[in-house]
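A note on names: the letters A, B, ... follow the listed sequences, proteins ahead of strands, and every chain is numbered from 1.
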2 protein chains.
Amino acid sequence: MTSRTILIVDDESAIRDMLRIALEMAEYRCLEASNAQDAHGLIIDEKPDLILLDWMMPGTSGIELARRLKRDEVTANIPIIMLTAKGEEDNKIQGLEVGADDYITKPFSPRELVARLKAVLRRADPQSSSQPIKVQGLCLDPASHRVTINEREVDMGPTEFRLLQFFLTHQERAYTRSQLLDHVWGGNVYVEERTVDVHIRRLRKALTVDQHENLVQTVRGTGYRFSTKAG
Amino acid sequence: MTSRTILIVDDESAIRDMLRIALEMAEYRCLEASNAQDAHGLIIDEKPDLILLDWMMPGTSGIELARRLKRDEVTANIPIIMLTAKGEEDNKIQGLEVGADDYITKPFSPRELVARLKAVLRRADPQSSSQPIKVQGLCLDPASHRVTINEREVDMGPTEFRLLQFFLTHQERAYTRSQLLDHVWGGNVYVEERTVDVHIRRLRKALTVDQHENLVQTVRGTGYRFSTKAG
DNA sequence: ATAAATTGTTGCATATTTATGACAGTTCGG
DNA sequence: CCGAACTGTCATAAATATGCAACAATTTAT
């Protein structure tokens with residue numbers, strides 16, 4: 001995968017479709033929500049890398065959702081791009097105040113959208129894609145593509161590497177096999193869910209250095225979780 | 001490649017095209033950005049050798065970008081040439097204050113541009129391109145264009161030399177074949193990705209003196225990496 | 001306690017990815 | 001114009017990774 005996940009929040013399905021197509025063309029993984037409630041749920045579950053948020057929506061408005069997200073520490077760092085209709089530009093100020101990272105007025109070209117989006121993503125986490133992630137002696141360095149435990153090199157296959165990378169960036173939360181397939185294997189791949197078990201096994205085996213295999217925990221009836229707290 | 005990478009930052013695509021043509025004629029590799037945001041991303045990703053920066057741009061202005069770059073240690077040493085329109089010359093002082101290495105007023109001749117650019121590049125890194133790089137007995141001297149291992153001369157072809165030079169200046173980091181083609185062969189060259197394998201092989205063969213071929217490591221599923229740490 | 005679910009392990013055939021050797025076209029200096 | 005040095009491609013071999021199915025072990029529900 002390696003590709004980022006974008007959440008599209010808009011009440012008009014036509015617009016969502018349009019956005020989805022544009023983003024999928026650009027190799028992004030898409031999630032959709034037609035209202036603020038669903039959106040919030042998806043955000044908690046999937047921790048998207050960026051949110052495309054429609055300004056005007058029935059029920060909780062986009063701005064309200066944005067405000068809520070920015071208030072919560074967990075979601076505060078997810079960049080938001082506001083979608084506003086022409087003429088609503090006054091809202092620009094309000095939107096940026098709330099914490100939107102950019103805003104774009106409809107109608108817009110897919111190219112422009114993707115360009116802005118890339119810019120925001122880059123600005124948002126200049127490091128996350130290349131900064132090593134460490135936890136309890138375990139260190140994964142995306143740049144050199146290496147994993148070490150207490151300075152000792154650990155060997156694993158490409159899939160296990162991606163799996164670990166995903167876990168490290170999404171700790172302390174359980175994922176179903178299906179979700180893991182989506183995130184680590186990539187959207188449209190047909191693989192048995194049980195295959196995840198096998199790779200989890202392989203990852204654990206690779207991490208078997210100073211008990212580090214305990215970081216990958218089984219959540220019975222659900223799937224797996226990466227956690228530093230005892231399972 | 002040997003050729004340097006120049007980043008062109010200007011909001012007018014016509015000007016970008018003009019600059020690109022001039023620079024490509026002079027054998028430089030070009031990157032383009034139409035705004036400060038994209039530019040910043042490219043700078044982080046590609047570490048260009050020099051930046052041609054338009055003074056006036058919508059959004060974050062050129063001067064603002066320059067200021068930001070000079071503030072960050074990682075990008076502070078990348079030379080910047082400011083492009084200013086005639087009449088804006090007052091900005092010259094301001095630009096140089098911010099840390100621009102030169103400035104040039106539109107309109108200008110391609111010849112003049114290239115001349116200035118060469119001058120700045122020469123001034124900018126008098127050593128980095130000619131200082132020998134040593135690592136574990138392996139030594140590459142750009143000046144004499146020689147490679148030695150423990151004082152013994154090592155023989156290799158031009159491409160292998162550039163490849164090694166690139167690796168030595170970008171150690172401990174995995175590169176895809178595509179990235180290597182971009183950096184070592186140069187931007188718009190159509191060559192099979194597999195060709196990289198062959199040159200890696202040739203480079204390794206050349207380095208087969210006291211295990212030094214282990215410095216060039218395979219990163220399965222990704223590409224290659226130069227590292228002094230065991231693979 | 002027993003059956004049903006769910007997860008852990010392992011071996012293996014298959015699919016992918018790399019390494020290598022050979023070859024033909026080019027370039028460059030005599 | 002010739003020969004040596006380089007390059008890029010291929011075909012083939014070798015190395016690894018992957019997915020799956022079968023069976024064991026564990027947990028949960030009845």
In whole Å, I'd like the distance from the [atom1] atom of [X] to the [atom2] atom of [N].
X        : N      : atom1 : atom2 : value
B:Ile200 : D:dG8  : CD1   : P     : 13 Å
A:His145 : C:dT17 : NE2   : P     : 13 Å
B:Lys205 : C:dT20 : NZ    : P     : 9 Å
B:Leu203 : D:dT7  : CG    : C1'   : 15 Å
B:Asp197 : D:dC10 : CG    : C1'   : 12 Å

**Message:** List the residues meeting salt bridge (Lys or Arg N to Asp or Glu O under 4.0 Å) with A:Asp45, not counting sequence neighbours, and say none if there are none.
**Reply:** A:Arg173

**Request:** Go through the structure and list residues passing salt bridge (Lys or Arg N to Asp or Glu O under 4.0 Å) with A:Arg194, not counting sequence neighbours.
**Result:** A:Asp197

**Prompt:** Which residues pass the ring pair (Phe, Tyr, Trp, His ring centres under 6.0 Å) test with A:Tyr175, sequence neighbours left out?
**Reply:** A:Phe166

**Message:** Under the rule for ring pair (Phe, Tyr, Trp, His ring centres under 6.0 Å), what residues qualify as partners of A:His212, not counting sequence neighbours?
**Reply:** none

**Asked** Taking only residues two or more places apart in sequence or in another chain, which ones pass side chain to side chain contact (heavy atoms under 4.5 Å, CB included) with B:Thr159?
**Response** B:Arg162, B:Trp185, B:His199

**Message:** Categorize B:Tyr224 for me: base, sugar-phosphate, or nothing, with a 4.0 angstrom heavy-atom threshold over every strand shown.
**Reply:** sugar-phosphate

**Request:** Considering only NZ, NE, NH1 and NH2 on the basic side and carboxylate oxygens on the acidic side, decide whether B:Glu160 and B:Lys205 come within less than 4.0 Å.
**Result:** no

**Fill in**
Assert: residue with more 5' nearest nucleotide on DNA chain C, out of B:Thr218 and A:Arg177, is A:Arg177

**Request:** Produce a footprint string for nucleotides 17-30 of chain D: one letter per nucleotide, 5' end first; B if the base is under 4.0 Å from any protein heavy atom, S if only the sugar-phosphate is, - if neither.
**Result:** SBBBB----BS---

